[in-house]
Participant: 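Okay, here's the structure, questions in a sec.
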Amino acid sequence: MNNETKKKIRLFVSSPLREGTELLLPEASSHYLCNVMRLQNGQTISCFNAVDGEFDCHIENIHKKQCRIKVEKKIRSPQPETDLWLLFAPVKKEQTDFIIEKATELGVSKIIPVITARTIVGSVRTERFAARAVEAAEQCGRISIPQIGAPLRLEEALNEWDSKRLLFFMDEKGNGVSCREAFGKAQSLSAAVLTGPEGGFSEEEANILYRKPFVRGVSLGPRILRAETAVVAALSVWQAVAGDWNPDEGEKK
Ligand code: SAH
């Protein structure tokens, strides 16, 4: 990434992006560019989506309600994300926002809130999650936005699970294998990481999980981590051991 690219504002645009075409941005994005970032006509931003890639876009007419841009040069093609999902038990609002942001930065392709026996949170606001994911993708240089799944009860998620995808269950009781070992064996497979709520998983839930052939229990070391720390730790180790933090090693295989 050169300095020019770093400084440019990145905006997720859901409508098709084609070189040479003009586009009217929705009110929220127009407000952001006009009132928050104070951009002016003639400036360049970059717009992206997972289907078309990323483009330099020229601001033709800026207005707080509707901003018109011209799509110019394509600067990046769409890139597939690591096939890694996160299933997490929602916690308090700020910590949940943090989880969505960090999971996006750490490259997950889908995020599913799961309601477990000890999940305390009342309503799960997936529209809020989606907005957080878009903001995080804009900041971190991702081209795709993680998909946000509808909230599921843990047993529903397990009943409808595609058994070809491994489900790594973060077990705070220490009965799982070390994360490096577990993830190392799963390179190039579809996978998901499951983390629990502040109160942890119930014994019954742990028993049900361990009986599923697609579940692998994983330990994140000798200390009990907070739910949001466990998400970051698990996804980071996954990316380092089995994901896209070591592209060269992947190619050697
Ligand atoms: N209150 C529980 C801890 C819950 S921590 C207790 O005291 O036992 C919240 C979640 O983070 C857990 O459900 C688990 O998914 C994950 N987690 C925390 N520390 C972990 C560890 N050392 N190994 C694996 N998972 C861990």
Side-chain angles (χ1 to χ4, degrees), residues 81-121 124 129 132-133 136 140 146 149 151-152 154-155 157-158 161 165-246 249-250:
E81 218 60 54
T82 311
D83 187 9
L84 177 62
W85 295 4
L86 171 69
L87 276 72
F88 78 103
V91 279
K92 289 194 203 102
K93 201 169 84 184
E94 283 75 30
Q95 284 86 338
T96 297
D97 281 352
F98 178 89
I99 287 175
I100 303 293
E101 183 179 292
K102 300 309 157 205
T104 305
E105 290 174 27
L106 290 166
V108 305
S109 53
K110 187 169 182 176
I111 301 175
I112 306 175
V114 286
I115 312 302
T116 63
R118 297 182 187 153
T119 303
I120 300 171
V121 175
V124 179
F129 296 1
R132 287 285 94 77
C140 77
L152 292 172
L154 180 61
E155 62 176 288
L158 295 177
W161 197 255
R165 180 177 296 275
L166 287 178
L167 179 60
F168 291 99
F169 152 48
M170 299 306 123
D171 180 3
E172 71 273 10
K173 298 275 179 327
N175 296 324
V177 296
S178 91
C179 51
R180 216 161 74 172
E181 189 187 333
F183 296 161
K185 285 188 186 145
Q187 286 185 7
S188 72
L189 295 176
S190 302
V193 159
L194 167 66
T195 59
E198 278 160 21
F201 289 98
S202 72
E203 214 175 302
E204 193 190 344
E205 284 173 331
N207 289 337
I208 293 171
L209 281 160
Y210 274 115
R211 280 202 293 271
K212 300 284 179 196
F214 51 81
V215 168
R216 304 283 180 274
V218 174
S219 166
L220 294 170
R223 288 167 295 275
I224 301 288
L225 309 175
R226 290 180 62 143
E228 67 273 25
T229 315
V231 170
V232 173
L235 297 177
S236 301
V237 176
W238 170 271
Q239 288 293 19
V241 170
D244 61 13
W245 285 6
N246 292 305
E249 282 181 25

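Fair warning: this is a prediction, and the values are worked out from it, not measured in the lab.
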Participant: Can you list every pair that meets salt bridge (Lys or Arg N to Asp or Glu O under 4.0 Å) and has a residue in residues 207-236, with sequence neighbours left out?
Facilitator: Arg226-Glu228

Participant: Do side-chain atoms of Thr82 reach the backbone of Leu84 as a donor and acceptor pair under 3.5 angstrom?
Facilitator: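 A pair under 3.5 Å: no.
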
Participant: Has the side chain of Glu205 got a donor or acceptor atom that lies under 3.5 Å from a matching backbone atom of Ser202?
Facilitator: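 Flag set: sc Glu205 to bb Ser202 pair under 3.5 Å.
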
Participant: State, with a plain yes or no, whether a side-chain heavy atom of Trp245 is found less than 4.5 Å away from one of Val237.
Facilitator: no

Participant: Any donor-acceptor pair under 3.5 Å linking the side chain of Gln95 with the backbone of Pro90?
Facilitator: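 Answer holds: no.
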
Participant: With a 4.5 Å heavy-atom cut-off, do Thr96 and Phe129 have their side chains touching?
Facilitator: yes

Participant: Output the distance between atom CG (Leu166) and atom CZ (Phe214), rounded to the nearest 0.5 Å.
Facilitator: 10.0 Å

Participant: Between Pro146 and Lys110, is any pair of side-chain heavy atoms under 4.5 Å apart?
Facilitator: no

Participant: So, the side chain of Ser236 versus the backbone of Val232: is there a donor-acceptor pair under 3.5 Å, distance only?
Facilitator: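 It does hold such a pair.
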
Participant: Is any side-chain heavy atom of Ile208 closer than 4.5 Å to a side-chain heavy atom of Glu155?
Facilitator: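 Not touching, per the 4.5 Å side-chain cut-off.
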
Participant: Over all heavy atoms of both residues, which pair between Thr119 and Val114 is shortest? Give the atoms and the distance, please.
Facilitator: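 Heavy-atom minimum between the residues: OG1-O, 4.0 Å.
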
Participant: Rounded to the nearest 0.5 Å, how far apart are CG of Leu106 and SG of Cys140?
Facilitator: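 These two atoms lie 9.0 Å from each other.
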
Participant: Answer yes if the side chains of Tyr210 and Asp171 hold a donor-acceptor pair under 3.5 Å, and no otherwise.
Facilitator: yes

Participant: NZ of Lys92: more than 12 outside heavy atoms within 6.0 angstrom?
Facilitator: no

Participant: For Asp83, is there an ion pair with Arg165 - N to carboxylate O distance below 4.0 angstrom?
Facilitator: yes

Participant: Identify the residue among Ile111, Val193, Leu194 that makes a side chain to side chain contact (heavy atoms under 4.5 Å, CB included) with Phe88.
Facilitator: Ile111

Participant: Rounded to the nearest 0.5 Å, what separates atom CG in Leu235 from atom OG1 in Thr104?
Facilitator: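 It is 10.0 Å, given to the nearest 0.5 Å.
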
Participant: Parallel, tilted or perpendicular: which fits the ring planes of Phe168 and Phe183, with parallel below 30° and perpendicular above 60°?
Facilitator: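 Ring orientation, 0 to 90° scale: perpendicular.
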
Participant: Please check if the side chain of Arg118 supplies one atom and the backbone of Pro197 the other of a donor-acceptor pair under 3.5 Å.
Facilitator: no

Participant: Drop me the distance from Phe169's CZ to Leu158's CG, to the nearest 0.5 angstrom.
Facilitator: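 Between Phe169 CZ and Leu158 CG, I get 10.0 Å after rounding to 0.5 Å.
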
Participant: Got a second to check how far Ser219's OG is from Arg180's CZ, nearest 0.5 Å?
Facilitator: 13.0 Å

Participant: Taking all atoms of both residues into account, what is the closest heavy-atom pair of Val91 and Ala227, and its distance?
Facilitator: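 Val91 and Ala227 have their closest heavy atoms at CG1-CB, 3.9 Å.
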
Participant: Is there a side-chain contact between Trp238 and Val218 in this structure, where contact means two heavy atoms from C-beta onward sitting under 4.5 Å apart?
Facilitator: no

Participant: With rounding to the nearest 0.5 angstrom, report the CZ to NZ distance, Phe201 to Lys173.
Facilitator: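 Rounded to the nearest 0.5 Å, the CZ-NZ separation comes out at 9.5 Å.
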
Participant: Do Leu86 and Ile112 have side-chain heavy atoms sitting under 4.5 Å apart?
Facilitator: no

Participant: Any side-chain heavy atom of Ile115 within less than 4.5 Å of one from Leu152?
Facilitator: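 Of all side-chain heavy-atom pairs linking Leu152 with Ile115, none is under 4.5 Å.
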
